[in-house]
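The block underneath contains the structure these notes are about, expressed in structure tokens.
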Amino acid sequence: MEGKGELAVVIMAAGKGTRLKSQRPKVLHEIGGKPLLAHVIAAASKIVAPADIFVVIGHQAEKVRAAVAATGVGFVEQTEQLGTGHAIQCARDAIQGYENILVLSGDVPLIRPDTIEQLWDFHQAEQAAMTILTAAPEDPTGYGRIVRKKSLWPDIIPAEVEAIVEQKALTAEQQKIGEINSGIYAFRTAPLLAHLGSLDANNANREVILTDLAGLLQAAGERVAAIQAAEAIEVLGANTIAELVVLDATLRMKTANRLMAAGVTIFRPETCVIDAEVEIAADTVIEPFVQLLGRTRIGANCLIRSYTVIENCTLADGVLVRQSCVLTESTVGAGAKIGPFAHLRPASEIGEDAHVGNFVETKKAKLGKGAKANHLSYIGDAEVGERSNIGAGTITCNYDGVNKHKTRIGMDAFIGSDSTLVAPVEVGDGAYVGAGSCITKNVPADSLAVSRAPQVVREGWATARRALQKKK
Ligand code: UD1
Ligand code: CA
């Protein structure tokens, strides 16, 4: 077999995730707004090129493949999920020709590239056939335990491992072992391939498990080593929803800490939901219970008040978003004021110093610099020029039941309250629309359009009516 390179990474991601009790495959469950598997691939990509990463897929394979295919990694199919050892058996062809492989678990998402590097360095220094990344979490229950070799010197923990014992196979004495298997390993490919075929399901798990290889290799005279990760949280797995939520909170707190270190104030960060890729400039303040999702970018000196949810938006400097706003796939210019209770739907472009007030909804709408829509409006498929004022209750009627049409309002225009603008329609620069109008024809620049029933007044009518009612 021709040599492919020094190192490949295999990520095991074929399992069903029975303990999650979910229709969705485990590795596609999300933390920090991204699937577990995507986190693991991102870490692996810092170690080797995507072409040297192989993901073992099986349960709902096509869904998993589609979710991460864009990363450029390779895939190996494990049609029947007979255990983690069987997963690596299925990757045999892919790994042949590499001198070493790193095995990562698709459900251990917080692993840092630095820690993988440490494992890799230690593996090489130890010249081991198998090197296990271990940890000492507060509660080791459920994890495979590391049985280190007996030391001749009681004070020294030997680097060598005798076996990994799965939870189901633990003796009473072994229950006390605090060091766990992270499910992350380095292997020299030659001894791995030489012994991989000897694994069987003859164990307490009744599965072909990779952990059995530690004992097997050791018994065959190969060196099996272990290195403990400094922080257990990094290697914790997500087998249940409760565990997923802990990992999610950990990751989000890391994001919040990164932003705070860069000068962003986040009050009560534990109540905020901030995705990993969000960027915020210094001196911006985020109030409690705010969600910032996807690729949201927020400038400096902004204030995002409580209960606001912002997804895939770009906000310039000095923007104020008051309480309980929903902003999606939109941009907001410097100094603009949004909310409270405003809804910016996709493709809204709010200009510099513009105001979008309470109960205003925008969609595919461009508001020019200094334009204002302060109360109770719907502005969809529309352009509003600079400094124009949209009165309370103005509605752009953009939809005729079949097609969407555009409303264009020029600069310095004034749309009186409770007007409806039936698109397609244009209101020219500096034009006025009288309150309560239903505008169906273009309004030329600097003109006034009023379109409402003339007012009728009957003096004394009410008095006469009351008198009539009294008589009855
Ligand atoms: C595994 C280890 C355990 C370790 C723990 C760390 C085994 C037998 N046990 O247990 O020692 O402490 O991880 O988190 O390996 N998978 C496949 N194909 C299969 C089965 C599993 O690809 O046939 C994948 C899963 O999708 C998952 C990973 O392998 O991403 C680990 O499998 P899982 O069932 O979660 O193992 P644990 O019980 O957590
Ligand atoms: Ca697991």
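By convention here, the first residue in the shown sequence is residue 1.
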- request: For residues R145 and I180, determine if any side-chain heavy atom of one lies less than 4.5 Å from a side-chain heavy atom of the other.
  value: yes

- request: For E126, enumerate each residue passing the salt bridge (charged side-chain N to carboxylate O under 4.0 Å, His left out) test, keeping only those at least two apart in sequence or located in another chain.
  value: R223

- prompt: Is atom CD of Q127 surrounded by more than 12 heavy atoms (other residues, nucleotides or ligands) closer than 6.0 Å?
  reply: no

- request: Would you please say whether a donor-acceptor pair under 3.5 Å links the side chains of K149 and Q218?
  value: yes

- prompt: Are Q78 and H86 close enough that a side-chain donor and a side-chain acceptor fall under 3.5 Å?
  reply: yes

- prompt: Quick check: does any side chain N or O of N398 sit under 3.5 Å from a backbone N or O of H405, one acting as donor and the other as acceptor?
  reply: no

query: Going by atom types alone, do H343 and T362 pair a side-chain donor with an acceptor below 3.5 Å?
result: no

query: Checking T271 side chain against R268 main chain: does a donor-acceptor pair fall under 3.5 Å?
result: yes

query: Between atom CG of L20 and atom CG of L244, what is the distance when rounded to the nearest 0.5 Å?
result: 5.5 Å

Would you list the atom pairs, donor with acceptor, under 3.5 Å between side chains in residues 6-14 and any protein atom, with sequence neighbours excluded?
none

message: We want to know whether E361 and S377 form a side-chain donor-acceptor pair, criterion being a heavy-atom distance below 3.5 angstrom.
response: no

- prompt: Of all residues at least two apart in sequence or in a different chain, which pass the side-chain contact (heavy atoms from CB on, under 4.5 Å) check with V319?
  reply: C302, L315, V321, V332

message: Given 3.5 Å as the limit, does a donor-acceptor pair link the side chain of E349 with the main chain of K366, or not?
response: no

Atom pair CD1/OG1 of I379 and T407 - distance to nearest 0.5 Å: 9.5 Å

message: Just verifying a value: how many Å separate I101 CD1 and D52 CG, rounded to the nearest 0.5 Å?
response: 12.0 Å

task: Could you tell me how the ring of W120 sits relative to the ring of H123: parallel (under 30°), tilted (30 to 60°) or perpendicular (over 60°)?
output: parallel

- request: Name all residues meeting the side-chain contact (heavy atoms from CB on, under 4.5 Å) criterion together with H39; count only those two or more places apart in sequence or in a different chain, and write none if there are none.
  value: I31, K34, P109, L251

- prompt: Taking the side chain from Q60 and the backbone from Q23, do they hold a donor-acceptor pair closer than 3.5 Å?
  reply: yes

task: Provide the closest heavy-atom pair for L102 versus A186 in the form atom of the first, atom of the second, distance.
output: CD2-CB, 3.7 Å

- prompt: In chain order, what residues pass the side-chain contact (heavy atoms from CB on, under 4.5 Å) check against A163, with sequence neighbours excluded?
  reply: none

message: Distance check, rounded to the nearest 0.5 Å: E243 atom CD versus D107 atom CG?
response: 9.0 Å

task: Ignoring hydrogens and angles, tell me if any N or O in the side chain of S324 forms a donor-acceptor pair with the backbone of F341 under 3.5 Å.
output: no

message: Going by side-chain hydrogen bond (donor to acceptor under 3.5 Å, both in side chains), name the residues that satisfy it together with T18, two or more places apart in sequence or in a different chain.
response: none

field: Pair E77 + R65, salt bridge at N-O below 4.0 Å
entry: yes

query: Is it true that the side chains of T115 and E234 contain a donor and an acceptor less than 3.5 Å apart?
result: yes

task: Give a yes or no answer on whether the side chain of R188 reaches the backbone of A128 with a donor-acceptor pair at less than 3.5 Å.
output: yes

Any donor-acceptor pair under 3.5 Å from T284 side chain to G299 backbone: yes

message: Pairing donors with acceptors under 3.5 angstrom, does anything connect the side chains of T328 and E311?
response: no

statement: When K404, K363, K406, R345 are each screened for salt bridge (Lys or Arg N to Asp or Glu O under 4.0 Å) with D381, the one that passes is K363

- prompt: Are R258 and E279 ion-paired here, with the side-chain N under 4.0 Å from a carboxylate O?
  reply: yes

query: Does the Y98 side chain pair with the main chain of N100, one donor and one acceptor, at a distance under 3.5 Å?
result: no

